[in-house]
Amino acid sequence: MCGIVGYVGKQKAAPLIMEGLKRLEYRGYDSAGVAVFQDGRFELAKKIGRVANLEIEAARHKLTGHQGIGHTRWATHGGVTDANAHPHISSDGTIALIHNGVIENYAQMKKFLLTKGFTFKSETDTEVLCNLIAYHYAKEPKPTNGDSRFVESVRKTLGHAEGTYGIVIMALDAPGELVTARKGSPLILGLGDGESLVASDVSAIVSRTQNVVYLKDGEIAHLTANNFSITTLSSGTVEPVIDKVTWSIEDAEMGAHAHFMEKEIFEQPTALENAMRGRFSEDGSTAKFGGLNITAGEFRGVDRFMFCACGTALHACMVTEHLIERFARIPVECDYASEFRYRNTPLFRNSLFFVMSQSGETIDTLAAMREAKRKGYKVLAINNVVGSTIAREADGGIYQHVGPEVGVASTKAFTSQLLIGAMLALYLARMRDMSFSDGTQFVEALKQAPNLVRKALEQAPHIKAIAKRYAKSQDMLFLGRLSLFPIALEGALKLKEISYIHAEGYPAAEMKHGPIALISPECPSVFFAPNNEIFNKVVSSMQEIKARKGPIIAIVTEDAELPDGLADEVIRIPQCHEAVLPIVASIPVQLLSYYIAVERGCDVDKPRNLAKSVTVE
Ligand code: M6R
């Protein structure tokens, strides 16, 4: 949450920072702001709303300086107002700061600062932190350990801060310098040619440089245009590792698509190919993963898996649970990461933990992972963003390799998680009772996934027409069974998050235990009805809806025959192996949600109140 960009170099800072902020806008879009150091002072522009509003505001300020910081906000403390937008400048005018995270003890700090004569213009915790840095900066003698007074005063301030932060700071009497520090909120340094950048996400940096350093929790970096150094909060030295970003700026651009979500939906065949590339054994009978850091023997000793995640990623875990239990016969439990952490679940001695997270920065998932590690368990991560906090703190893991996902509604990351979950189920099953020939068939089926998804995408014009007919609905049910129950949950989540239609996902047969009360001609039900052993049971559930005049949108496999007139709309998907079915069945609900949201005029890529990666509890 919240996008952060800092720049120091030869170029005019403001346009570069605002370009970066546009790429980060999916992290929060309540307000945006930029502060530039020029003519010996900070020039500040900030505005509620999108970066486009900020650009208009910034034009009035004539921002010409070569050093600056910028921010897009997802409000936590204090409403969505210009005053609460970042950057904040200390009341003595010496410090400018942007912040992602929450300072939990800001109230005590504020009380103290008021006694020292500092004043406040906003309701934010950030402004308090900014003033406290100014307080320490004013008092700080020149340190003897070679560090700058600027770095020392930030270090001292953060020693008093409880909570989470990713911050970038400028000091009035330290021109050409940026100080940045993190605890719980991602920050990446970009090392360019005669310029340095810092951002909360690689996408804001990659147009300037592919050389990056992922800052770790508890580290402080000091940047100038040509140099940087990193120390720890406790004054320790850090030997920085410079990484190379493997994707380019084009990967994070929309191209000819109307929205990132549309682009990412249609990218799924390629994304799936990338997610499985090089991950099958040479004999073609099982999956292989490079970075699990766990031996086959250790895997065989596991008698229970625990999966933790949030939102869409949790739905992918639930499908994985189904497949591991079905094929490998190992018990799996899934939990909301946010609940796991506080629930004090009794755990088994030979449990193995997995967390799933597209961003690798979701704070609830990170906290669940840390809790499991604290209890002595190994934790493996399935994660898309390379170098993310979760990827770095996990004992091992599997990267999704689907490139940047920008749309707030997760699509290609989700289906690649489903694919990796299926590969994991295969890998575990082959260690146990699955035969060579069943394994070979499974592998062949997974390799078909990209083409089957291509075929499912051909239904887009048909689904668009259906979307037009149902776009005015106020409620919708999504109903599926077995591995498609989590896809029903996902369909409901997708629809509500981007179109603001109230939607619920249920196991199809459970619907008659309550949700059926919602059924009316105005409340359509989306049914998943593949031709499998419980097809007739799902048809019976459809009949119960039909008897109550509820419209039915049926997603059926090509070989399924529905009774005449039962469904008002039929969307056909290709027949496929049951491990691939959840992937293929996700496509129609992604498209349906997308087209309904477009029809309703919603801001598909930036739905209200949401942010792409949720880095506050
Ligand atoms: O980055 P993560 O996978 O950890 O994100 C978890 C959820 O916040 C995320 O999946 C969210 O539910 C999506 N907006 C759904 O489309």
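In listed order, ligands and their atoms are each counted from 1. Bear in mind that the values here come from a model prediction, so they are computed numbers and not experimental data.
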Modelled atom types, side-chain donor and acceptor of Q268 and T411, under 3.5 Å: no
Non-neighbouring partners of R304 that pass salt bridge (Lys or Arg N to Asp or Glu O under 4.0 Å), sequence neighbours left out: E333
R469 and E569 ion-paired at < 4.0 Å: yes
All salt bridge (Lys or Arg N to Asp or Glu O under 4.0 Å) counterparts of K455, not counting sequence neighbours: E558
Atom pair OG1 (T320) and CG (L418), whose distance is rounded to the nearest 0.5 Å: 6.5 Å
Amino acids contacting ligand 1, non-hydrogen cut-off under 4.0 Å: C310, G311, T312, A313, S357, Q358, S359, T362, V408, A409, S410, L493, K494, E497
E339: partners by salt bridge (Lys or Arg N to Asp or Glu O under 4.0 Å), with sequence neighbours left out: none
